[in-house]
Number of protein chains: 6
Amino acid sequence: MKYAEMTAIELKNVSRDETLVVLPIAAVEQHGPHLPTATDEIICTAVAEQVEQRLKESVLLLPTLWLGASQHHLRWGATLTSRVENYETLLCEICESLLDDGFRRVLILNGHGGNIGPMQISLRRLQVHYRNCQLMAASYWSIAEAEITALMEGECKTVGHACEAETSLVMHLRPELVRKSHIENSDDYQLDMVDGVYLCNDMFQRTSQGATGRPDLATAEKGAEMFSKIVYRVTDVLKSLQKIPFSE
Amino acid sequence: MKYAEMTAIELKNVSRDETLVVLPIAAVEQHGPHLPTATDEIICTAVAEQVEQRLKESVLLLPTLWLGASQHHLRWGATLTSRVENYETLLCEICESLLDDGFRRVLILNGHGGNIGPMQISLRRLQVHYRNCQLMAASYWSIAEAEITALMEGECKTVGHACEAETSLVMHLRPELVRKSHIENSDDYQLDMVDGVYLCNDMFQRTSQGATGRPDLATAEKGAEMFSKIVYRVTDVLKSLQKIPFSE
Amino acid sequence: MKYAEMTAIELKNVSRDETLVVLPIAAVEQHGPHLPTATDEIICTAVAEQVEQRLKESVLLLPTLWLGASQHHLRWGATLTSRVENYETLLCEICESLLDDGFRRVLILNGHGGNIGPMQISLRRLQVHYRNCQLMAASYWSIAEAEITALMEGECKTVGHACEAETSLVMHLRPELVRKSHIENSDDYQLDMVDGVYLCNDMFQRTSQGATGRPDLATAEKGAEMFSKIVYRVTDVLKSLQKIPFSE
Amino acid sequence: MKYAEMTAIELKNVSRDETLVVLPIAAVEQHGPHLPTATDEIICTAVAEQVEQRLKESVLLLPTLWLGASQHHLRWGATLTSRVENYETLLCEICESLLDDGFRRVLILNGHGGNIGPMQISLRRLQVHYRNCQLMAASYWSIAEAEITALMEGECKTVGHACEAETSLVMHLRPELVRKSHIENSDDYQLDMVDGVYLCNDMFQRTSQGATGRPDLATAEKGAEMFSKIVYRVTDVLKSLQKIPFSE
Amino acid sequence: MKYAEMTAIELKNVSRDETLVVLPIAAVEQHGPHLPTATDEIICTAVAEQVEQRLKESVLLLPTLWLGASQHHLRWGATLTSRVENYETLLCEICESLLDDGFRRVLILNGHGGNIGPMQISLRRLQVHYRNCQLMAASYWSIAEAEITALMEGECKTVGHACEAETSLVMHLRPELVRKSHIENSDDYQLDMVDGVYLCNDMFQRTSQGATGRPDLATAEKGAEMFSKIVYRVTDVLKSLQKIPFSE
Amino acid sequence: MKYAEMTAIELKNVSRDETLVVLPIAAVEQHGPHLPTATDEIICTAVAEQVEQRLKESVLLLPTLWLGASQHHLRWGATLTSRVENYETLLCEICESLLDDGFRRVLILNGHGGNIGPMQISLRRLQVHYRNCQLMAASYWSIAEAEITALMEGECKTVGHACEAETSLVMHLRPELVRKSHIENSDDYQLDMVDGVYLCNDMFQRTSQGATGRPDLATAEKGAEMFSKIVYRVTDVLKSLQKIPFSE
């Protein structure tokens with residue numbers, strides 16, 4: 001079910017206890033020299049829509065919130081963002097609209113690394129007031145971690161920024177938006193976790209071009225396979241989320 | 001130009017002084033028994049994209065912010081919203097991302113009545129800090145007021161909510177999303193301005209079904225003509241906005 | 001009835017359902033080279049007090065909040081202001097004091113253009129919590145629009161800033177405060193609505209001296225007639241507001 | 001000088017370094033069974049205006065902010081208030097308007113006990129940003145403590161609430177507003193400082209009728225003498241404040 | 001009882017109505033050339049712990065919040081602080097944790113002058129929501145004023161900053177932390193209350209070395225006697241606070 | 001170096017570029033039936049102090065902020081907390097005090113799981129304003145992950161809540177505070193990450209007694225060894241943090 005395409009009457013008839021409401025969140029921010037700013041939005045929306053296709057009866061999909069918490073990209077320009085603390089509030093408010101309307105299973109499905117912290121915090125802020133609801137959050141790559149890792153050829157086996165995985169996925173989903181001639185090996189980036197310590201640097205400090213990993217290893221074929229496996233795995237996990245019993 | 005489809009390098013090359021950046025804002029909220037919740041988003045995005053097609057060189061179009069200030073619809077259910085004061089902050093932040101990146105002409109192009117107040121306030125909050133930029137806001141119907149009025153057959157000649165105009169426009173743009181059998185004359189609604197006094201009631205108090213005006217007079221043909229005239233007029237006006245000189 | 005002059009016991013005996021509580025709001029800000037900073041406060045208070053004289057039994061008049069949302073005048077100096085978002089909060093709080101004390105009909109009566117946005121937003125913020133109360137707001141000129149227009153001789157037929165209307169009214173109400181020798185034709189100002197687009201400039205950008213319209217056409221006689229007609233009309237409309245039925 | 005009666009040009013010519021800007025703040029809140037809600041506003045404004053008369057050249061008087069921090073009176077009804085934390089912000093904003101306009105000596109002159117905390121906090125919030133200005137605050141009774149004490153006949157020698165002092169002062173300033181038949185001995189109130197400990201109770205808990213002290217000992221004559229001595233003393237002290245050297 | 005050393009089960013068994021919960025608050029900020037930054041924390045904790053030793057059955061002692069509202073010391077460096085308005089919120093939150101857990105007698109026991117305003121404001125913010133609880137605040141020196149005054153030899157008879165009293169107390173409690181060779185007569189400081197007027201200057205403006213009064217008159221013996229008398233007096237007063245009846 | 005024990009002059013002489021300032025943060029919250037509420041504070045402070053002993057020249061240790069973000073424990077009682085969004089602000093403010101005083105290497109050293117999100121967010125909020133400083137955060141267990149895992153005998157190999165690790169550590173550090181008779185196998189708790197999805201439940205929902213893992217396997221000997229290895233590893237890593245070059 002797609003929230004945006006339904007009427008108020010139709011939405012009133014949706015089961016509050018059983019339906020899993022999914023809010024995709026992403027970012028519109030610089031993605032290196034070769035990917036469009038909407039990269040995260042493109043991938044996250046595509047995953048969410050494919051999953052909804054497979055779980056039409058039980059998933060209620062919201063439109064993707066393209067805005068993300070992207071202040072750490074600002075110095076590269078080409079970045080739209082909310083302050084991280086206000087982004088928490090924004091997510092709280094969208095969820096409150098749903099929870100106050102009676103929905104009890106809400107999943108934030110994320111496509112931008114910078115959103116992980118604020119999306120988890122926003123659920124903690126909500127949980128105090130909606131204890132008998134199941135508030136959930138995940139990035140597509142944390143759900144499909146094994147599937148993605150298996151397909152990565154570069155040294156880094158997880159989704160970074162404008163990296164092998166993201167580049168492959170956009171090559172598959174929107175090939176015309178990839179500037180292939182600008183793709184470069186970007187594995188000169190710096191991690192933000194070293195020896196268990198979080199080093200809070202922005203992407204201007206951590207990367208030389210605004211990208212990480214090995215976009216040069218990206219292919220549309222890899223993107224197609226990765227996408228299909230992500231969709232399969234996310235569908236599977238979302239199905240299981242609908243069976244979690246509520247606790248008070 | 002479409003912001004979301006461009007890379008950081010391409011965006012860096014866009015003229016900051018001449019380009020008109022357009023941020024479409026809408027709502028996902030109940031639209032009576034016959035229209036989808038995304039009505040405002042559908043219309044506003046369609047207008048914005050058509051205008052961008054006609055002004056490719058000079059307009060930089062952002063993706064539509066589908067979230068609106070819709071608390072006054074909450075009691076009808078099927079409504080996603082931000083608190084009105086936080087919505088101001090949200091608009092400020094998106095604009096700040098642009099203004100801090102050097103863009104000097106920003107237009108918020110609105111498709112939801114409840115956004116007018118907060119969008120104007122958000123520009124006032126910004127103006128204090130960005131005095132040498134041209135901050136602008138308009139609803140598509142305030143720009144194309146004459147064109148719309150000329151086509152309305154019901155007593156009310158302006159765009160209301162799930163009304164003759166909006167219904168016609170969705171019939172034209174997304175006919176499959178209109179539940180024709182649920183369309184009813186809704187001119188039993190109450191105005192929020194009486195004798196120059198603003199009466200602050202919510203839509204549950206002001207309407208009997210969540211709609212206003214005469215959706216029963218809507219036709220796809222009227223919608224097509226209205227849409228084409230709106231696009232023509234908005235294109236025209238946006239062209240003129242690019243020539244306004246900056247003042248300090 | 002004047003709130004400020006009554007005791008707690010007397011106020012306890014006032015009917016919560018029938019009484020119309022009126023909160024006048026204004027501004028103390030630069031008013032061009034010829035008018036005192038308190039211009040809006042002088043006019044708005046005079047109107048409110050005359051109306052209360054005529055509706056002693058049914059109107060409960062609060063003292064005038066002289067502070068306004070006047071940041072757009074700051075660059076002319078001689079301006080006291082609250083930030084626009086905090087001004088909303090301030091109005092909410094005064095109204096909450098009344099609503100929590102049981103009063104159910106509250107009207108903000110405004111005398112400063114810059115307050116219109118925040119006063120309407122403040123009512124929207126309140127309405128969510130006080131749905132069974134009638135929250136209202138109006139500027140004296142929006143109520144008496146026809147009467148004022150009929151008396152204006154300059155091209156602009158509505159109340160601007162330190163304009164023909166305001167200058168005439170202060171000439172009538174506080175003639176000793178008008179610096180006649182400094183009055184000049186000010187119709188070189190720029191509108192903030194052009195082709196349906198809101199252009200957010202401050203008064204330093206929009207006017208050459210901090211005033212608009214034709215103060216040079218102002219006379220005390222015009223002011224006297226205008227004032228009397230405004231009072232008559234506002235009295236009339238306020239009487240009708242007391243009969244609006246409450247809705248849940 | 002009265003800020004409200006001056007034009008922008010006249011205010012521009014006022015010395016920023018020498019002039020003492022005075023912002024009177026008060027309250028409109030229940031004042032027991034015998035005094036009007038505006039009691040604090042009446043007294044504080046009268047003092048401020050008399051002082052300005054005596055220091056016309058050197059004092060720039062703002063209109064009185066009648067709103068106070070009065071939440072602790074709310075349960076008696078008949079009380080308008082701002083939340084205490086927002087009241088701090090409100091005072092900051094009015095002062096910022098002055099400080100950003102170049103004025104360097106600002107005194108908040110207070111007439112309501114509940115304002116003391118927030119007015120001092122507001123200056124501390126401002127001081128961080130305006131270190132080379134002299135930010136000052138005083139209640140009229142803290143300046144004229146000795147004079148007031150000397151005239152009090154009841155056991156309590158300081159200004160309380162609707163007490164011997166306030167009742168006498170209103171008897172002098174606005175005799176028609178005192179309901180003499182409702183005056184009662186109110187010395188059954190509880191202090192909020194006991195053994196050096198602040199006991200945070202509201203006025204509904206601390207008083208039996210919303211008043212403190214011995215209003216039954218009040219006379220207009222006492223009020224006249226007290227008022228005259230307060231004005232004399234405040235004038236004297238304000239004169240000295242203009243000579244305090246600025247420090248960086 | 002010490003909150004920090006108890007388990008949840010043990011804390012559940014503590015009487016909510018009778019127990020006095022004590023939250024010590026202090027500061028870590030510059031204390032002149034001779035005292036450690038933790039001076040206020042050292043003294044306040046020592047007092048609180050000694051009192052708890054004497055009232056084990058009836059007092060529930062929290063750990064000391066070492067952070068204070070110390071912005072006015074920032075220009076001396078060596079100062080950790082919260083903004084004054086956020087410090088209010090912080091105190092509210094700790095108290096709310098206790099009040100929502102059922103405790104009804106809460107005392108903030110303060111050891112830093114700059115905390116007095118915000119701690120009282122924080123209780124006012126709380127009192128609106130917890131009217132049937134006894135919310136209290138005191139500085140150790142306001143409780144033991146007479147005892148301290150009797151022992152001071154310098155002209156100033158009250159506790160200042162890094163002064164005769166504080167220096168003596170640290171000489172007694174943590175002698176190894178006093179840099180004796182840096183102690184100097186500091187009675188060249190400026191008061192912040194002159195003629196009943198609060199002059200809001202920071203400590204960089206008010207002192208020549210970040211200290212006040214006569215630290216040169218401090219001795220460990222004086223500190224020992226003072227400490228013992230403070231403990232005795234605070235113990236006495238806290239005992240009496242447990243007998244105050246609750247009011248609604 | 002210990003910040004709290006130093007004077008302003010001594011702190012002024014500390015190298016801003018080389019010194020690593022360490023702010024330990026913890027919690028005072030329910031820790032099951034057998035551990036004191038201060039468990040996190042006890043462990044984190046002990047680690048921090050031991051590390052400081054080993055790196056006296058290069059580490060500047062602040063006192064431990066015992067307050068944590070512990071709302072998810074509130075329903076167990078015996079919990080002091082700040083709201084998660086305000087906790088971010090609190091951490092920002094303490095760090096700002098340091099950064100504005102010139103220090104350029106700040107590490108938040110954490111001892112409470114619920115603080116991880118807000119501490120990382122707080123650094124992101126700060127990073128925008130302090131880009132040329134190195135802002136860092138770590139929990140002691142993320143630094144010493146391998147060492148801790150190697151010593152855990154239960155199925156769960158990481159630090160949970162009142163678990164095998166925490167119980168062992170308190171048995172070593174403060175044996176008198178462990179209620180041994182109340183220790184129970186607690187491995188019936190629910191994880192908050194399942195299949196890559198964050199399930200936001202509070203500890204009342206996730207545990208049967210407020211504890212996780214296998215506290216019944218805890219021993220003082222294990223605690224001693226674990227503590228010693230943690231201290232060794234944290235010392236090692238902190239040494240390396242001082243060599244990270246600054247980037248702009």
Side-chain angles (χ1 to χ4, degrees), chain A residues 2-12 14 23 26 28-39 41-42 62-67 70-71 73-74 76-83 86-87 89-90 92-98 100-102 162 174 176-179 182 209-211, chain B residues 2-12 14 23 26 28-39 41-42 62-67 70-71 73-74 76-83 86-87 89-90 92-98 100-102 162 174 176-179 182 209-211:
Chain A
K2 291 190 164 179
Y3 193 101
E5 299 186 354
M6 297 167 76
T7 65
I9 294 170
E10 291 160 3
L11 279 163
K12 186 162 281 169
V14 171
L23 168 64
V28 173
E29 64 181 21
Q30 74 81 19
H31 263 77
H34 62 289
L35 287 185
T37 58
T39 292
E41 195 271 334
I42 291 166
L62 265 60
T64 301
L65 183 71
W66 54 258
L67 187 70
S70 305
Q71 287 182 287
H73 289 274
L74 278 174
W76 281 110
T79 296
L80 304 175
T81 186
S82 177
R83 280 183 193 80
N86 293 340
Y87 195 67
T89 301
L90 177 59
C92 284
E93 292 201 311
I94 298 177
C95 291
E96 281 168 352
S97 302
L98 295 162
D100 289 341
D101 201 12
R174 297 287 302 275
E176 78 282 10
L177 296 181
V178 182
R179 279 65 168 174
H182 284 75
Q209 301 193 82
Chain B
K2 292 191 164 179
Y3 193 102
E5 299 185 354
M6 298 167 74
T7 64
I9 294 170
E10 291 160 3
L11 279 163
K12 186 162 279 170
V14 171
L23 168 64
V28 173
E29 63 181 21
Q30 74 83 19
H31 263 77
H34 63 288
L35 287 185
T37 58
T39 293
E41 193 272 336
I42 291 165
L62 265 60
T64 301
L65 183 70
W66 54 260
L67 187 71
S70 305
Q71 286 181 289
H73 288 274
L74 278 174
W76 282 110
T79 296
L80 304 174
T81 186
S82 177
R83 281 184 192 79
N86 293 341
Y87 195 66
T89 302
L90 177 58
C92 284
E93 293 200 312
I94 299 177
C95 291
E96 282 169 352
S97 303
L98 295 162
D100 289 343
D101 200 13
R174 296 288 301 274
E176 79 283 9
L177 295 182
V178 182
R179 279 65 166 174
H182 283 76
Q209 300 193 84

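Since this is a predicted model, take the numbers as computed values, not measurements. Numbered from 1 within each chain, the chains take letters A, B, ... in sequence-line order.
Minimum heavy-atom separation, A/Trp66 to B/Ile94: CH2-CD1, 4.1 Å. When every heavy atom of A/Thr79 is checked against every heavy atom of B/Ser97, the shortest pair comes out as O-CB, 3.4 Å. Annotation for A/Ala4 and B/Pro36: closest pair O-CB, 3.4 Å, computed over non-hydrogen atoms. Taking all atoms of both residues into account, the shortest heavy-atom contact from B/Glu5 to A/Leu177 is CB-CD2, 3.8 Å. Contact detail for A/Met6 and B/Arg179: the closest heavy-atom pair is CA-NH2, 3.9 Å. Contact between B/Ser82 and A/Glu93 at its shortest, heavy atoms only, is OG-OE1, 2.5 Å.
Only the side chain of B/Leu67 comes within less than 4.5 Å of a heavy atom in chain A; its backbone stays farther off. No part of A/Tyr87 comes within reach of chain B, as not one of its non-hydrogen atoms sits under 4.5 angstrom from that chain. Of the two parts of A/Leu90, only the side chain, counted from C-beta on, holds a non-hydrogen atom closer than 4.5 Å to a non-hydrogen atom of chain B. Both the backbone and the side chain of B/Arg83 have a heavy atom closer than 4.5 Å to some heavy atom of chain A. Heavy atoms closer than 4.5 Å to chain B are found nowhere in A/Gln71, neither backbone nor side chain. Proximity to chain A (any heavy atom under 4.5 Å) is restricted, for B/Leu62, to the side chain, taken from C-beta onward. Interface remark: A/Glu41 contributes no atoms to any contact with chain B (heavy atom separation under 4.5 Å).
Counting heavy-atom pairs closer than 4.5 Å to chain A, the top residue among B/Ala78, B/Gly210, B/Ser70 is B/Ala78. Most heavy-atom pairs under 4.5 Å with chain B: of the set A/Leu11, A/Thr89, A/Asp101, A/Leu80, this distinction falls to A/Leu80. Of the listed residues (B/Lys2, B/Glu96, B/Lys12, B/Gln30), the one with the most heavy-atom contacts under 4.5 Å to chain A is B/Glu96. Between chain B and the options A/Ala38, A/Ala8, A/Pro63, heavy-atom pairs under 4.5 Å are most frequent for A/Pro63.
Legend: residues meeting side chain to side chain donor-acceptor pair (under 3.5 Å) with B/Thr64, ordered by chain and number and at least two apart, are B/Thr45. Legend: residues meeting side chain to side chain donor-acceptor pair (under 3.5 Å) with A/His34, ordered by chain and number and at least two apart, are A/Thr167.
Note that CH2 of A/Trp76 is 9.0 Å distant from CD1 of B/Ile9, once rounded to the nearest 0.5 Å.
Residues A/Thr7 and B/Pro33 are not in side-chain contact: their nearest non-hydrogen atoms beyond the backbone lie 4.5 Å or more apart.
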